[in-house]
Amino acid sequence: MTDNHIVQKKRSDGRLTLLTALYFAGVFLGVILYGALSGERLDALNDITGSFVYGRLNHTFWETLVNSFSGAFLLLTACFWLGFSAAAQPIELLVPVFRGLGAGVSLSGMYGSFGAAGIGMSAVLIIPGAVLSAFALIIAAREALELSGKIFSLVFGRNSAAGGTIDFRLYITKFAILFIILTVSSLADSLATFIFAGFWTRLL
């Protein structure tokens with residue numbers, strides 16, 4: 001491995017660490033935001049959470065699959081296209097924060113709406129899909145950041161060693177794999193809901 005490849009790998013690993021930290025920062029922020037709510041706003045959010053749970057438990061397998069896939073799909077697609085922009089790095093950094101924020105609010109809402117039962121429901125209805133989808137989106141944001149950085153280097157005349165070569169075919173292939181991972185994540189999410197829906201319906 002050449003020195004240039006070693007430098008690029010270290011940068012890639014550094015971006016991955018940063019993006020993972022941003023995701024968990026988003027989760028923490030989501031929990032904090034939920035805890036800061038009170039009164040009508042808190043009641044409204046808990047009502048939304050309750051409606052989400054009851055609706056999901058009564059959805060068909062395919063309806064759950066589509067709903068589970070659609071949100072993360074939009075973020076993954078956004079990462080893909082943002083990678084072609086030389087100035088999109090700040091937005092790409094926000095993707096894992098936004099996803100983590102949603103996860104933090106959702107997990108808090110489950111506990112706030114259903115108490116201890118919400119912890120078990122979160123383990124079934126949220127966490128299985130959230131883990132894989134978060135992984136896919138963090139990798140997607142990293143790949144988008146790397147491509148944006150390379151394009152930035154070319155646009156502003158920096159040498160190719162700094163930005164590295166651009167392999168659009170590899171970029172597209174990586175995202176195709178990420179879309180497959182996201183599909184598997186959505187399937188796991190839907191299967192978990194389908195298998196345990198009867199149990200939670202009786203409990204609630």
Side-chain angles (χ1 to χ4, degrees), residues 1-33 65-107 126-189:
M1 183 178 291
T2 64
D3 290 342
N4 188 43
H5 287 159
I6 293 174
V7 171
Q8 289 185 31
K9 186 178 186 306
K10 287 183 178 179
R11 287 178 178 172
S12 180
D13 291 343
R15 292 186 184 106
L16 185 61
T17 301
L18 172 62
L19 292 165
T20 302
L22 288 173
Y23 172 79
F24 285 107
V27 173
F28 179 74
L29 180 60
V31 173
I32 295 299
L33 287 176
L65 179 63
V66 171
N67 291 334
S68 177
F69 182 78
S70 57
F73 171 80
L74 292 175
L75 289 176
L76 198 63
T77 303
C79 282
F80 176 79
W81 291 112
L82 286 169
F84 293 98
S85 170
Q89 291 93 332
I91 302 175
E92 291 156 2
L93 288 171
L94 290 177
V95 170
V97 177
F98 181 77
R99 187 64 175 181
L101 182 66
V105 171
S106 297
L107 291 170
I126 296 178
I127 294 176
V131 172
L132 278 175
S133 64
F135 169 79
L137 288 172
I138 289 171
I139 298 298
R142 182 194 66 178
E143 296 302 320
L145 278 170
E146 290 184 1
L147 181 60
S148 292
K150 291 175 181 179
I151 294 175
F152 182 92
S153 297
L154 291 176
V155 169
F156 291 95
R158 294 173 59 185
N159 58 57
S160 59
T165 58
I166 297 179
D167 188 342
F168 291 110
R169 184 184 303 176
L170 179 60
Y171 181 77
I172 293 171
T173 300
K174 287 181 177 180
F175 268 87
I177 294 172
L178 291 174
F179 276 109
I180 292 172
I181 292 174
L182 185 58
T183 301
V184 172
S185 167
S186 301
L187 283 170
D189 192 20

Taking Ile181 as the fixed residue, which of Val184, Thr183, Ile177 is the one that meets the side chain to side chain contact (heavy atoms under 4.5 Å, CB included) rule? Ile177

To the nearest 0.5 angstrom, please state how far the CD atom of Glu146 sits from the CG atom of Leu16. 9.5 Å

Atom CD1 of Ile166 and atom CZ of Phe84: how far apart are they, to the nearest 0.5 Å? 10.0 Å

Is any side-chain heavy atom of [X] closer than 4.5 Å to a side-chain heavy atom of [Y]?
X	Y	value
Leu132	Leu182	no
Leu101	Leu33	yes
Leu22	Ile138	no
Phe175	Thr77	no
Ile139	Leu19	no

Can you name the closest pair of heavy atoms from [X] and [Y] and give their distance?
X	Y	answer
Leu76	Ala140	CD1-CB, 3.2 Å
Ala86	Phe152	O-CD1, 3.4 Å
Val97	Leu93	CG2-O, 3.7 Å
Val105	Gly30	CG2-O, 3.6 Å
Ser133	Arg99	OG-NH2, 3.2 Å
Ala141	Pro96	CB-CD, 4.2 Å

When you measure from the side chain of [X] to the backbone of [Y], do you find a donor-acceptor pair of N or O atoms at a distance under 3.5 Å?
X	Y	value
Ser85	Leu82	no
Ser70	Val66	yes
Tyr171	Phe80	yes

Could you tell me which residues satisfy side chain to side chain donor-acceptor pair (under 3.5 Å) with Ser148, sequence neighbours excluded, listed by chain and number? Glu92

Residue that, paired with Glu143, satisfies salt bridge (Lys or Arg N to Asp or Glu O under 4.0 Å) out of Arg15, Lys150, Lys174: Lys174

Give a yes or no on whether the ring-centroid distance for Phe28 and Phe24 is below 6.0 angstrom. no

What about the rings of Phe179 and Phe73, do their centers lie closer together than 6.0 Å? yes

